[in-house]
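As structure tokens, the structure follows; a few thoughts come after it.
Residues take their numbers from the sequence shown, with the count starting at 1. What's counted below: heavy atoms across the whole structure, side chains too, no hydrogens, waters or symmetry copies.
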Amino acid sequence: VQLQASGGGLVQAGGSLRLSCAASGRTFRSSAVGWFRQSPGKERVFVAAMNLKSGSTIFGDSLKGRFTISRDDAKRTVYLQMNSLEPEDTAVYYCAARDRIIWSVQPTDEEDWYEYWGQGTQVTVSS
């Protein structure tokens, strides 16, 4: 599985961005895809994830409500829609995937659970 993250950029506080994670591989629909972010000088933290087989989702603390995660199977792409962005959301955003999961598996917020990682995309929110 190869992942390509895109969609980052510079946005003013209160604005929105949609990040994309395009995945290769024949087992896309049997994967879980997660988003993480890393701010300067800080550890990488979990943002959101989806089990593409069941559609179940989880979100990082306090992000649900501003962020949503969705998918387009035809495009083999998972999206992270980010609304009401704040300067604290400034970070490099990474997508990650775990392949061949079953319907009942709940994605986790642990980096080690994910097998594949894409390159990051920079999101900068100005005040």
Side-chain angles (χ1 to χ4, degrees):
V1 176
Q2 292 185 327
L3 305 172
Q4 180 77 32
S6 62
L10 174 64
V11 63
Q12 289 187 334
S16 299
L17 276 176
R18 188 178 76 164
L19 306 184
S20 300
C21 179
S24 65
R26 293 178 293 177
T27 56
F28 175 76
R29 295 185 185 184
S30 296
S31 301
V33 174
W35 288 95
F36 291 78
R37 67 184 184 183
Q38 187 167 23
S39 301
K42 297 185 178 180
E43 294 185 351
R44 190 156 56 185
V45 298
F46 174 75
V47 176
M50 174 185 281
N51 176 332
L52 300 186
K53 205 168 182 70
S54 67
S56 65
T57 59
I58 61 170
F59 290 87
D61 293 342
S62 75
L63 294 178
K64 189 174 183 179
R66 292 196 300 125
F67 290 13
T68 58
I69 187 170
S70 62
R71 38 94 72 91
D72 184 330
D73 289 349
K75 295 183 178 180
R76 307 173 70 83
T77 299
V78 174
Y79 301 103
L80 181 69
Q81 178 68 43
M82 306 185 295
N83 299 324
S84 302
L85 284 164
E86 304 166 352
E88 293 72 23
D89 296 316
T90 294
V92 178
Y93 285 71
Y94 299 89
C95 63
R98 182 179 176 97
D99 201 8
R100 303 182 186 276
I101 63 169
I102 62 176
W103 185 88
S104 59
V105 167
Q106 183 74 348
T108 81
D109 59 0
E110 298 180 5
E111 290 188 36
D112 291 345
W113 188 77
Y114 295 87
E115 302 171 301
Y116 307 97
W117 289 81
Q119 90 296 350
T121 185
Q122 176 72 48
V123 172
T124 302
V125 184
S126 63
S127 57

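Aromatic ring pairs are classed by plane angle as parallel below 30°, tilted from 30° to 60° and perpendicular above 60°; the pair F36 and W117 is tilted.
From F46, atom CZ reaches atom CZ of F59 across 8.0 Å, with rounding to the nearest 0.5 Å. With rounding to the nearest 0.5 angstrom, the CD atom of Q4 is 4.0 Å from the CD atom of Q119. Residue Y79 holds its OH atom at 12.5 Å from SG of C95, rounded to the nearest 0.5 Å. Distance check, rounded to the nearest 0.5 Å: CZ of R98 to CG of L52 gives 13.5 Å.
Grouped with Y116 in one hydrophobic cluster are V1, L3, the linkage being side-chain heavy-atom contacts under 4.5 Å among Ile, Leu, Val, Met, Phe, Trp and Tyr residues.
The environment of D61 atom CG is sparse: at most 12 non-hydrogen atoms of other residues, nucleotides or ligands sit within 6.0 angstrom. By the 6.0 Å contact criterion, CD on Q2 is open, its count of non-hydrogen atoms from other residues, nucleotides or ligands being 12 or less.
In terms of modelled atom types and a separation under 3.5 Å, the side chain of N51 and the main chain of I102 share a donor-acceptor contact. Side-chain atoms of Y114 come within 3.5 Å of backbone N or O of T108 as a donor-acceptor pair. Between the T90 side chain and the V125 main chain, a donor and an acceptor come within less than 3.5 Å of each other. The main-chain N or O of S56 is never found under 3.5 Å from a side-chain atom of Q106 such that the two would form a donor-acceptor pair.
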Could you pull out every donor-acceptor pair under 3.5 Å between side chains of residues 9-22 and any protein atom, sequence neighbours left out?
from	atom 1	to	atom 2	distance (Å)
S16	OG	N83	OD1	2.9

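Legend: salt bridge (Lys or Arg N to Asp or Glu O under 4.0 Å) pairs involving residues 36-53, not counting sequence neighbours, sorted by first then second residue: R37-D89, R44-E111.
Residues V47 and Y94 do not share a hydrophobic cluster, defined by chaining ILVMFWY side chains whose heavy atoms lie under 4.5 Å apart. Following chains of ILVMFWY side-chain contacts shorter than 4.5 Å, one can reach Y93 starting from V33, so the two form part of one hydrophobic cluster.
Scanning both residues, V123 and M82, for their nearest heavy atoms gives CG2-CE, 3.9 Å. Minimum heavy-atom separation, D99 to S31: OD1-OG, 3.1 Å. Of all non-hydrogen atoms in R71 and G55, the two that sit nearest each other are NH1-CA, 4.2 Å.
The shortest side-chain heavy-atom distance between M50 and T57 falls under the 4.5 Å cut-off. Put simply, the side chain of F28 does not reach to within 4.5 Å of the side chain of T77, judged on heavy atoms.
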Exercise. Decide yes or no on side-chain contact (heavy atoms from CB on, under 4.5 Å) for W35 and L63, but give the supporting numbers first.
Key: CA-CA 12 Å; W35 288 95; L63 294 178; over 6 Å; no
Quiz prompt | Residue pair S70, Q81: steps toward the side chain to side chain donor-acceptor pair (under 3.5 Å) verdict | solution = CA-CA 8 Å; S70 62; Q81 178 68 43; over 6 Å; no
